[in-house]
Amino acid sequence: MKEYILGIESSCDDTSAAVINNHKLCSNIISTQVIHEKYGGVVPELASREHQKNIIPVVKGALHEANISLEDISAIAFTKGPGLLGSLMVGVSFAKSLSISTGKPLIGVNHLHGHLLAHTIADIGEEDVPQQDFPFLSLLISGGHTMIVKVTDYLKYEIIGQTIDDAAGEAFDKCGKVLGFNYPAGPIIDELSKKGNPNAFTFGKPQIKDLDFSFSGLKTSFLYSVRDNIKNNSSFIEEQKYNLAASLQKTIIDILLDKLKEAVKKTQIPRLVITGGVAANDGLRSALIDYAEKYKWQVTLPKKKFTSDNAAMIAKVGWHKYKNNMFDDLSITPKAKIDFFDV
Ligand code: KG4
Ligand code: ZN
């Protein structure tokens, strides 16, 4: 039976809409806001305004590409948080208006839960993805979050470790800013790393207990090291950019994988997934494949297009909630900070 879920994502700087039928994606339109590049990070007010401009054409585009009309959808899923409040408001208000005008039910989705199911989406034209085995551990690494989550079922999640300060994506972005790169610096550092020596420089690694992470010390260590070297050689960054990128990236990957190793040991769950924008990092992806071989882990890497923010993952969680009759009413409001357990 055709049961289409429309997904809407507007938590940060991407306006996205997608249509999903069962596990299969029918469309996924993403409008990435380039306006923030020159500011070194997302400017909340500009983000809200861009969402206002984009949301109607993006939703129309998603319906058009899926070759359906509003009457064909079974429910409207949207991101209810966490994220930038002004950005969330645009998506939530739009979803509510759509619900009033069409009579279709609403499903609020926790953005982080979307990331956790991103690898279970069958792409447009693709056969179904293999049945997901539970439990698995997900390393969720984005610009705002870094956590290890134990996923015991499609809508059952438990955080077993998380950052106590910066997120992994922030470490890439803030260190990239020191090198003069625009936001987001993660993909730039990833590319430069391919031509550099990962052992050229050593940066401070944190000693954090249990399965928690910290990246603010690395950021400071990186900043001081670059600043000290510039004092002696004003061309230092230009001459060493490949080695700096590779060494920084290696340090971040080591921090992430050391904790993942500990998490597998502690939980005895050798089934792993990475997700969130940083999961697109080629260095991390290949290091994880090496670890999988060495430690006999079963690793699933999501398609790169589903690692960063997208509405397909919101529609996917929406589909599971739809099947469980988990709907929201018109009183729902977005939350910038939302309890992780708020399904
Ligand atoms: O999940 P995401 O699109 O947005 C949220 O933060 O929710 O993640 C964006 C983050 C940025 O910090 C960006 O620099 C990082 O993901 N990122 C990468 C790569 N692609 C995106 N970091 C490292 N390597 C990449 N290839
Ligand atoms: Zn995200």
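None of these values were measured; they are calculated from a predicted model. First listed ligand is number 1; within each ligand, the first listed atom is number 1.
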Self-check item: Distance-only donor-acceptor check, side chains Q249 and N281, under 3.5 Å
Solution: yes
Quiz item: Do F306 and H119 have their ring centres less than 6.0 Å from each other?
Solution: no
Exercise. Using the six-membered ring wherever Trp is involved, compare the ring planes of F203 and F201 and label them parallel, tilted or perpendicular (cut-offs 30° and 60°).
Key: parallel
Quiz item: When you check the side-chain N and O atoms of T79 and E9, is any donor under 3.5 Å from an acceptor?
Solution: yes
Quiz item: Which protein N, O or S atoms does the Zn ion (ligand 2) have within a distance shorter than 2.8 Å?
Solution: H111 NE2, H115 NE2, D309 OD1
Quiz item: With hydrogens left out, which residues have an atom under 4.0 Å from ligand 1, given that only heavy atoms count?
Solution: H111, H115, S142, G143, G144, G169, F172, D173, P184, G186, P187, D190, G276, G277, V278, A280, N281, S308, D309
Quiz item: Just by distance, with hydrogens left out, do D165 and S214 show a side-chain donor and acceptor under 3.5 Å apart?
Solution: yes
Quiz prompt | Check: H51/D13 side-chain N/O donor and acceptor closer than 3.5 Å | solution = no
Quiz item: Going through the distances and angles, do E239 and N233 end up as a side chain to side chain donor-acceptor pair (under 3.5 Å)?
Solution: CA-CA 10 Å; E239 285 169 15; N233 173 11; 3.0 Å; yes
Practice problem: Measure centre to centre between the rings of F134 and Y154, then say whether the value is under 6.0 Å. | Solution: yes
Quiz prompt | Y291 and W297 aromatic ring geometry - parallel, tilted or perpendicular at 30°/60° bounds | solution = tilted
